[in-house]
Novice: 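The following block contains the structure, expressed as structure tokens.
Just so we're clear, the structure is a prediction, and the values are computed from it rather than from any experiment. Chain naming here is simple, since letters A, B, ... match the order of the sequence lines and numbering starts at 1 in each. What you see below is based on every heavy atom in this structure, not just the backbone, and it leaves out hydrogens, waters and symmetry mates.
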There are 4 protein chains.
Amino acid sequence: MARPRSEDKRNAILAATTDLVAEQGLGAATAEIAKRAGVPHGSVFTYFGTKSELLNAVYLELKTELINTVSAAMPAGDDTRLQLHHLWVSWTHWGASNPSKRRVLAQLSVSDQITELSRKAAYEGAGSSLALMRRASANGALRDAPLQYVGALVETSVATTTDFMIRDPAQADAFCKFGFEAVWRALS
Amino acid sequence: MARPRSEDKRNAILAATTDLVAEQGLGAATAEIAKRAGVPHGSVFTYFGTKSELLNAVYLELKTELINTVSAAMPAGDDTRLQLHHLWVSWTHWGASNPSKRRVLAQLSVSDQITELSRKAAYEGAGSSLALMRRASANGALRDAPLQYVGALVETSVATTTDFMIRDPAQADAFCKFGFEAVWRALS
Amino acid sequence: MARPRSEDKRNAILAATTDLVAEQGLGAATAEIAKRAGVPHGSVFTYFGTKSELLNAVYLELKTELINTVSAAMPAGDDTRLQLHHLWVSWTHWGASNPSKRRVLAQLSVSDQITELSRKAAYEGAGSSLALMRRASANGALRDAPLQYVGALVETSVATTTDFMIRDPAQADAFCKFGFEAVWRALS
Amino acid sequence: MARPRSEDKRNAILAATTDLVAEQGLGAATAEIAKRAGVPHGSVFTYFGTKSELLNAVYLELKTELINTVSAAMPAGDDTRLQLHHLWVSWTHWGASNPSKRRVLAQLSVSDQITELSRKAAYEGAGSSLALMRRASANGALRDAPLQYVGALVETSVATTTDFMIRDPAQADAFCKFGFEAVWRALS
DNA sequence: GATGAATGAGCTTTCATTCAT
DNA sequence: AATGAATGAAAGCTCATTCAT
């Protein structure tokens with residue numbers, strides 16, 4: 001019967017956190033986040049309990065958004081190279097067009113704030129992408145390597161490529177192409 | 001400012017910083033670092049001026065140590081694959097046997113504490129390694145990609161591989177081998 | 001304000017408060033109390049208005065329970081020593097078997113949360129016990145001392161004795177006996 | 001060689017803490033304490049580490065002052081009653097003339113902030129007073145009771161008596177006399 | 001140069017109470 | 001009446017840097 005929690009407020013806090021962490025790093029103050037989100041400081045803790053939980057929520061949200069983007073418009077059929085190309089292009093372009101989000105995800109990934117639970121949830125969400133990587137690498141040098149390792153290699157390659165795309169937008173497409181060819185050869 | 005008195009103190013501070021940053025992240029307090037190094041708190045600032053300069057010094061020291069390790073015992077001659085293999089193995093093994101240093105380097109690399117100057121100095125120190133990568137990729141998919149991009153791709157592949165080697169030491173050699181084959185194919 | 005609906009809820013809140021204050025002191029959060037009582041946070045204020053009123057209610061409830069316990073089975077007749085002994089034994093044993101309640105009462109008694117009104121009400125409820133103490137001290141060193149002072153001396157002696165009984169249960173009966181003899185001599 | 005810690009500052013913080021805790025209870029804010037002491041907030045933690053350590057230091061200081069007061073001018077010889085009387089009078093008068101300190105000591109004693117270590121140190125400092133109580137009770141009802149229990153009974157009797165002396169200063173001497181007679185009878 | 005006390009802005013989190021639903 | 005989200009003023013404590021000794 002009481003006032004329900006506001007999805008808008010929750011989203012405003014998540015967005016403000018992404019913004020501020022991109023600008024100031026993980027040390028961004030919760031008070032500042034609240035101000036940016038237009039909510040009272042206390043509300044951050046009503047919605048997320050601790051700063052750490054807030055950061056985990058941001059991590060999962062960004063991962064989910066990324067996964068959805070990459071999955072969208074995935075070509076059907078069995079052309080593995082085409083599909084991996086789609087994954088590569090959509091992934092790198094998501095990062096290049098969302099540099100804040102990309103930066104925050106990078107910071108969170110190496111931080112010790114993200115719990116094993118969050119990492120596992122993110123990993124599981126990426127199931128279909130991983131299955132694609134497995135198909136792509138089924139006959140290559142990594143055919144016997146753990147899928148998680150293959151996924152990690154592709155992910156860091158995406159990250160590196162995205163960085164260069166952001167840094168030198170005029171060559172963004174070239175980097176994207178170089179990266180895909182390199183990764184395709186590494187896997188196939 | 002006159003030349004600091006004791007090289008020992010300087011090194012003790014650098015080592016303590018590496019230790020503590022590995023344990024607690026970049027937020028490690030300078031007072032704590034001083035205590036771990038067995039020097040007075042004030043000396044940290046006598047020797048390094050600011051915490052930021054201290055972190056840059058750690059970054060350069062670790063990069064230098066890594067470069068020296070990788071350069072040592074490099075096979076002479078013109079067998080590029082053999083040389084790249086040497087680079088790969090010594091690099092990943094350095095990380096796997098120095099997890100603290102590897103962890104600190106990873107944290108510093110993504111942080112905004114490291115100045116462009118430090119990054120450039122590290123890049124230049126890696127000249128011969130980069131030359132080797134250029135040779136290895138001279139006829140492959142990345143032949144027209146900027147050398148810096150090639151280097152970054154190899155570096156993140158090393159980092160990822162090292163993480164898996166540390167996490168699952170029983171399979172360390174397998175990961176090292178998988179990684180090398182993948183990178184070799186990506187380049188050549 | 002209309003009469004609150006549920007006596008059960010009221011009692012649940014009082015019991016939860018006793019529990020939590022025993023565990024965490026007077027700083028126990030009302031939200032925590034509500035959770036422990038299994039009622040919504042708001043109900044605490046519906047039933048008690050403020051935290052301070054809640055604490056006063058707990059104080060009075062415990063005092064009342066204590067007085068009832070001590071009065072129960074009081075030997076009739078005019079054997080003052082026997083009656084004081086009954087008071088002493090039932091009082092100390094109530095404390096020893098209800099350490100949480102005893103602890104909370106002690107904390108509330110020295111706090112500045114309890115109003116003069118509550119203290120007065122408690123004092124008046126203890127009328128028959130005080131009358132007994134007056135009889136016991138009618139011919140002793142405290143014959144001319146204010147009854148309230150005599151009561152306070154006995155009360156703190158009970159508290160001290162109870163503490164020792166709780167701390168060393170194997171000697172509980174011995175402490176109870178020592179204390180009674182000492183108090184009897186002080187009064188008579 | 002660095003600046004030595006200032007005994008004055010330390011004492012100012014202790015005194016300010018006593019003042020404020022007497023006024024506001026143990027919840028007195030460290031920032032407020034610092035302001036009252038005329039030192040920056042941070043200095044409270046330079047000198048005492050945590051609020052809890054500060055409170056323990058206050059406890060020990062007050063206990064020590066009390067013990068010194070009670071020991072001073074203690075009549076020599078073997079007149080136990082005279083000596084106990086001296087103890088009683090100086091103890092109650094210290095409390096009556098230092099109501100703030102007495103109040104703080106009472107609050108600290110029942111709080112859970114005081115460590116076992118502090119309690120033990122205070123207990124040991126009271127050795128000669130306890131020896132006197134043992135002598136006074138050597139042939140009485142408490143002859144076989146643990147000395148610690150006897151001491152606790154006397155202490156709470158002092159506290160109670162002091163309270164009445166403070167509340168009704170015109171009768172202070174009367175309360176002091178009543179209390180002594182009662183305690184003497186309880187022990188002897 | 002060496003030392004560690006001094007500093008105060010800034011941090012995350014808690015909380016009693018109110019009030020929209 | 002019932003509910004729990006909303007609120008913002010504290011709270012204790014940390015910290016890089018300075019500077020008296």
Side-chain angles (χ1 to χ4, degrees), chain A residues 1-6 9-10 26-35 39-55, chain B residues 1-6 9 24 27-35 39-55, chain C residues 1-6 9 24 26-35 39-55, chain D residues 1-6 9-10 24 26-35 39-55:
Chain A
M1 272 204 251
R3 197 184 319 191
R5 288 203 190 170
S6 150
K9 255 183 210 182
R10 199 188 126 92
L26 300 179
T30 53
E32 208 67 22
I33 289 170
K35 193 188 295 178
V39 305
H41 192 186
S43 292
V44 173
F45 297 90
T46 300
Y47 281 78
F48 296 97
T50 65
K51 187 182 180 181
S52 201
E53 286 176 44
L54 169 59
L55 293 176
Chain B
M1 207 184 304
R3 214 246 219 101
R5 271 260 184 81
S6 153
K9 260 190 197 177
Q24 309 176 7
T30 53
E32 208 69 19
I33 288 169
K35 192 190 295 177
V39 306
H41 191 186
S43 292
V44 173
F45 296 88
T46 302
Y47 280 75
F48 294 96
T50 67
K51 187 181 182 183
S52 201
E53 286 175 43
L54 168 59
L55 292 175
Chain C
M1 206 183 301
R3 215 245 218 101
R5 271 260 182 82
S6 152
K9 259 192 201 179
Q24 309 176 6
L26 300 179
T30 53
E32 207 69 18
I33 288 170
K35 192 190 296 179
V39 306
H41 191 185
S43 293
V44 173
F45 297 88
T46 303
Y47 280 74
F48 295 96
T50 67
K51 186 181 183 183
S52 200
E53 286 175 43
L54 168 59
L55 292 176
Chain D
M1 272 205 256
R3 197 183 322 191
R5 286 201 192 173
S6 150
K9 253 181 212 181
R10 198 189 128 92
Q24 310 176 6
L26 300 179
T30 53
E32 208 66 22
I33 289 170
K35 193 187 295 179
V39 305
H41 191 189
S43 292
V44 173
F45 298 91
T46 300
Y47 280 78
F48 296 98
T50 65
K51 185 181 183 185
S52 202
E53 285 176 43
L54 169 59
L55 293 176

Novice: I need the B:Leu55 CG to B:Ile33 CD1 distance, nearest 0.5 Å.
Specialist: 7.0 Å

Novice: Does A:Lys9 have any side-chain contact (heavy atoms from CB on, under 4.5 Å) partners at least two apart in sequence or in another chain, and if so, which?
Specialist: A:Ser6, A:Val39, A:Tyr47

Novice: Report yes if a side-chain nitrogen or oxygen of A:Arg3 is closer than 4.0 Å to either non-bridging phosphate oxygen (OP1 or OP2) of F:dA6; otherwise report no.
Specialist: no

Novice: Check ring pair (Phe, Tyr, Trp, His ring centres under 6.0 Å) between D:Phe48 and all other residues, then give those that pass, not counting sequence neighbours.
Specialist: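 Counting only residues at least two positions away or on another chain, D:Phe48 forms no ring pair (Phe, Tyr, Trp, His ring centres under 6.0 Å).
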
Novice: Measuring from atom CG of A:Leu54 to atom CZ of A:Arg10, what distance do you get when rounded to the nearest 0.5 angstrom?
Specialist: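 The CG atom of A:Leu54 sits 9.0 Å away from the CZ atom of A:Arg10.
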
Novice: Using a cut-off of strictly less than 4.0 Å, decide whether B:Lys35 has a side-chain nitrogen or oxygen near OP1 or OP2 of E:dT3.
Specialist: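 So the side-chain polar atoms of B:Lys35 never come under 4.0 Å of the phosphate oxygens OP1 or OP2 of E:dT3.
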
Novice: Checking the side chain of D:Lys51 only, and the main-chain atoms of D:Ala29 only, is there a donor and an acceptor separated by less than 3.5 Å?
Specialist: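 Not a single qualifying donor-acceptor pair exists.
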
Novice: Kindly say if C:Lys9 contacts the phosphate of F:dA1, meaning a side-chain N or O under 4.0 Å from OP1 or OP2.
Specialist: no

Novice: Minimum heavy-atom separation for B:Val44 and B:Ala34, please, with both atom names.
Specialist: CG2-CB, 3.8 Å

Novice: Counting primed atoms plus P, OP1 and OP2 as sugar-phosphate and everything else as base, spell out the protein contacts along nucleotides 8-15 of chain F at 4.0 Å heavy-atom distance: B, S or - for each nucleotide, 5' to 3'.
Specialist: B--SSBBS

Novice: Would you say D:Tyr47 places a side-chain N or O within less than 4.0 Å of OP1 or OP2 belonging to E:dA6?
Specialist: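 Indeed, a polar side-chain atom of D:Tyr47 lies that close.
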
Novice: Would you confirm whether B:Thr50, through its side chain, and B:Glu53, through its main-chain N or O, come within 3.5 Å as a donor-acceptor pair?
Specialist: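 A pair under 3.5 Å: yes.
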
Novice: Nearest whole angstrom, please: distance from the P of F:dA16 to the CD of B:Glu53.
Specialist: 14 Å

Novice: Quick one: the dot-bracket string of DNA chain E, using Watson-Crick and G-U wobble pairs with both distances under 3.5 Å, [ ] for crossing pairs and | for bases paired to another strand.
Specialist: .||||||||||||||||||||

Novice: Once you round it to whole Å, what is the distance between C1' of F:dA6 and CZ of A:Arg10?
Specialist: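 A:Arg10 atom CZ is separated from F:dA6 atom C1' by 17 Å.
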
Novice: Please list, chain by chain and in numerical order, all residues satisfying side-chain hydrogen bond (donor to acceptor under 3.5 Å, both in side chains) with B:Ser52, sequence neighbours excluded.
Specialist: B:Gln113

Novice: Measure CZ/C:Phe48 against C1'/E:dA16 and give the value in whole Å, please.
Specialist: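 Nearest whole value for this atom pair: 16 Å.
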
Novice: Take the protein atom CZ of D:Arg5 and the nucleotide atom C1' of E:dA6, then report the distance between them rounded to whole Å.
Specialist: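 So the two atoms are 11 Å apart, to the nearest Å.
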
Novice: Residues in side-chain hydrogen bond (donor to acceptor under 3.5 Å, both in side chains) with B:Thr30, at least two apart?
Specialist: B:His41

